[in-house]
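For reference, the structure is listed below as structure tokens.
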Amino acid sequence: MARVLPDDLASAAGQAWRHEDITRDRPVRRFRRRGRPRRRAGSRHTPEFSFADCPTVLPTGADPAKWRCEEMAATGTVQFGTLPTLDLPMLRMTFAEGTLDGRFAQTFGALRAEPVRIPRSHMSLRFQYGGFSDFQSNDQRMGEVHLKLAVEGFGVPSTCTIGTDAEPIRFVVKRQTPTEVVSTNPLVVRFSIADTSFTVPRSSGCGPFSRMIDQRLGLPSAEGNSLVLHNRVGIRGY
């Protein structure tokens with residue numbers, strides 16, 4: 001199997017994320033006596049990437065040498081309905097992409113998200129995958145992903161979500177900052193994306209909590225919504 005080098009990966013990743021105006025950080029690393037790196041005050045920490053959720057099965061006919069796995073680690077903010085702007089904890093999304101029969105193709109791996117507490121309540125929200133993703137970028141967008149928000153709390157049914165597979169929250173994200181290469185081993189890039197045009201449906205599968213959740217969060221919400229993500233993306237070959 002041909003080995004994909006970092007420069008090749010950066011070039012390949014540009015097919016999906018359009019890595020324009022790339023600059024390189026030059027981090028200074030200092031080490032403690034025990035060999036552990038010390039972060040400089042005020043520096044932005046690069047998350048670790050395990051690539052554990054990379055798809056292990058590629059589409060039939062795919063050449064692994066022409067495919068790569070991308071693991072996105074993101075934090076940011078979300079606001080919709082009457083919900084105030086909330087800081088999002090770490091969200092990780094993993095997928096594979098490459099070419100198949102000469103055309104761009106991809107396979108979703110996993111979405112892992114930490115819950116965020118709804119203010120003045122005992123409930124929290126957690127992003128879940130909504131069944132569709134397309135990270136091929138163009139001049140109008142950087143990609144599209146369909147998500148759901150699981151509503152979690154004491155007594156709330158496990159089926160309670162905002163958005164469903166049939167009616168997900170559709171995020172079409174646009175670039176907010178240029179892409180920067182922050183590491184070459186593994187290859188890690190960073191950039192920010194946002195969507196301010198998505199709509200949010202009523203809650204679903206929440207039983208007796210449905211009306212309370214919709215009133216508390218101002219659902220459905222057709223406008224004035226916002227998602228901003230600050231991403232680090234680790235990239236490796238197959």
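All values below come from the heavy atoms of this structure, side chains included, with hydrogens, waters and symmetry mates left out.
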Main-chain N/O of Val156 paired with Glu152 side-chain donor or acceptor, under 3.5 Å: no
Point-to-point distance, once rounded to the nearest 0.5 Å, from NZ of Lys148 to CZ of Phe127: 13.0 Å
Partners of Gln128 by side-chain hydrogen bond (donor to acceptor under 3.5 Å, both in side chains), sequence neighbours excluded? none
Rounded to the nearest 0.5 Å, how far apart are CD1 of Ile193 and OG1 of Thr177? 9.5 Å
So which heavy atom on Glu71 is nearest to which on Glu48, and how close? OE2-O, 4.3 Å
Grab the two heavy atoms, one from Met93 and one from Phe108, that are nearest each other, plus how far apart they are. CG-CE1, 3.6 Å
Could you check whether any side-chain N or O of Asp134 sits under 3.5 Å from a backbone N or O of Gly143, counting only pairs where one atom can act as donor and the other as acceptor? no
To the nearest 0.5 Å, what is the distance between OG1 (Thr196) and CZ (Phe171)? 11.5 Å
Do Met72 and Phe191 sit in one hydrophobic cluster, given that two such residues count as connected whenever their side-chain heavy atoms are within less than 4.5 Å of each other, even indirectly? yes
Heavy-atom distance under 4.5 Å between the side chains of Val172 and Phe198, does that happen here? no
Hphob cluster co-occupancy, Val228 + Leu86, side-chain heavy atoms under 4.5 angstrom: no
List the atom of Glu167, the atom of Pro201, and the distance in Å for their closest heavy-atom pair. OE2-CB, 3.6 Å
Tyr238 versus Pro64, closest heavy-atom pair with distance: CB-O, 3.5 Å
For Phe135 and Phe95, take the angle between the two ring planes, folded into 0 to 90°, and tell me which bin it lands in: parallel under 30, tilted 30 to 60, perpendicular over 60. parallel
Rounded to the nearest 0.5 Å, what separates atom OG in Ser204 from atom CG in Leu149? 12.5 Å
Ser210 meets the side-chain hydrogen bond (donor to acceptor under 3.5 Å, both in side chains) criterion, sequence neighbours left out, with none
Side chain to side chain contact (heavy atoms under 4.5 Å, CB included) evaluation trace for Ile169 with His146: CA-CA 6 Å; Ile169 306 174; His146 296 178; over 6 Å; no
Atom pair CG (Asn138) and CD (Gln140), whose distance is rounded to the nearest 0.5 Å: 5.0 Å
Could you check whether His230 and Ser192, counting side-chain N and O atoms only, form a donor-acceptor pair closer than 3.5 Å? yes
Taking C-beta and beyond as the side chain, do Arg232 and Val182 meet within less than 4.5 Å on heavy atoms? yes
Does the side chain of Ile235 come within less than 4.5 Å of Val188's, by heavy atoms? no
Test your reading of the model: is there a side-chain donor-acceptor pair from Thr199 to the backbone of Ala222, 3.5 Å cut-off? no
Please report the interatomic distance OG(Ser133) to CG(Leu147), rounded to the nearest 0.5 Å. 9.5 Å
Contacts of Arg202 meeting side-chain contact (heavy atoms from CB on, under 4.5 Å) (sequence neighbours excluded), chain-then-number -> Asp214, Pro220
What verdict does the side chain to side chain contact (heavy atoms under 4.5 Å, CB included) test give for Val200 and Asn225, after you've listed the backbone C-alpha separation in whole Å, the side-chain angles of each residue and the deciding distance to 0.1 Å? CA-CA 8 Å; Val200 184; Asn225 310 314; 4.1 Å; yes
Decide whether Asn185 and Ser183 meet the rule of one side-chain donor and one side-chain acceptor closer than 3.5 Å. no
Looking at every heavy atom in both Tyr129 and Val145, which two are closest together, and how far apart are they? CE1-CG2, 4.4 Å
Restricting to non-hydrogen atoms, name the atom on Gln79 and the atom on Pro84 that form the minimum distance, rounded to 0.1 Å. CG-C, 3.9 Å
Output, in order, the C-alpha distance, side-chain angles, deciding distance and verdict of side chain to side chain contact (heavy atoms under 4.5 Å, CB included) for Arg68 and Arg236. CA-CA 6 Å; Arg68 64 207 169 270; Arg236 75 162 199 189; over 6 Å; no
In residues 52-62, what donor-acceptor pairs under 3.5 Å come from side-chain atoms, sequence neighbours left out?
| residue | atom | partner | partner atom | Å |
| --- | --- | --- | --- | --- |
| Asp53 | OD1 | Arg112 | NH2 | 3.0 |
| Asp53 | OD2 | Arg112 | NE | 2.6 |

Heavy-atom side-chain proximity of Thr75 to Met90 below 4.5 angstrom: yes
Check whether any side-chain heavy atom of Ser226 lies under 4.5 Å from a side-chain heavy atom of Phe80, and answer yes or no. no
Could you check if a side-chain atom of Thr161 sits within less than 4.5 angstrom of a side-chain atom of Ser203, using non-hydrogen atoms only? no
Taking C-beta and beyond as the side chain, do Leu187 and Val181 meet within less than 4.5 Å on heavy atoms? yes
Criterion side chain to side chain contact (heavy atoms under 4.5 Å, CB included) on Ile162 and Val151, from CA distance to verdict: CA-CA 7 Å; Ile162 300 169; Val151 183; 3.9 Å; yes
Quick check against the 3.5 Å criterion: does Thr159 have a side-chain atom that pairs as donor or acceptor with the backbone of Gly205? yes
Donor-acceptor contact below 3.5 Å, side chain Asn231 vs main chain Val233: no
Salt bridge between Arg141 and Asp195, side-chain N to carboxylate O under 4.0 Å? no
Could you go through residues 113-125 and list every donor-acceptor pair under 3.5 Å that involves a side-chain atom there, pairing it with any protein atom two or more places apart or in another chain?
| residue | atom | partner | partner atom | Å |
| --- | --- | --- | --- | --- |
| Ser121 | OG | Ile118 | O | 2.8 |
| Ser121 | OG | Met123 | N | 3.1 |
| Ser121 | OG | Met123 | O | 3.4 |

Does anything in residues 114-206 pair up under disulfide (SG to SG under 2.5 Å), and if so which pairs, sequence neighbours excluded? Cys160-Cys206
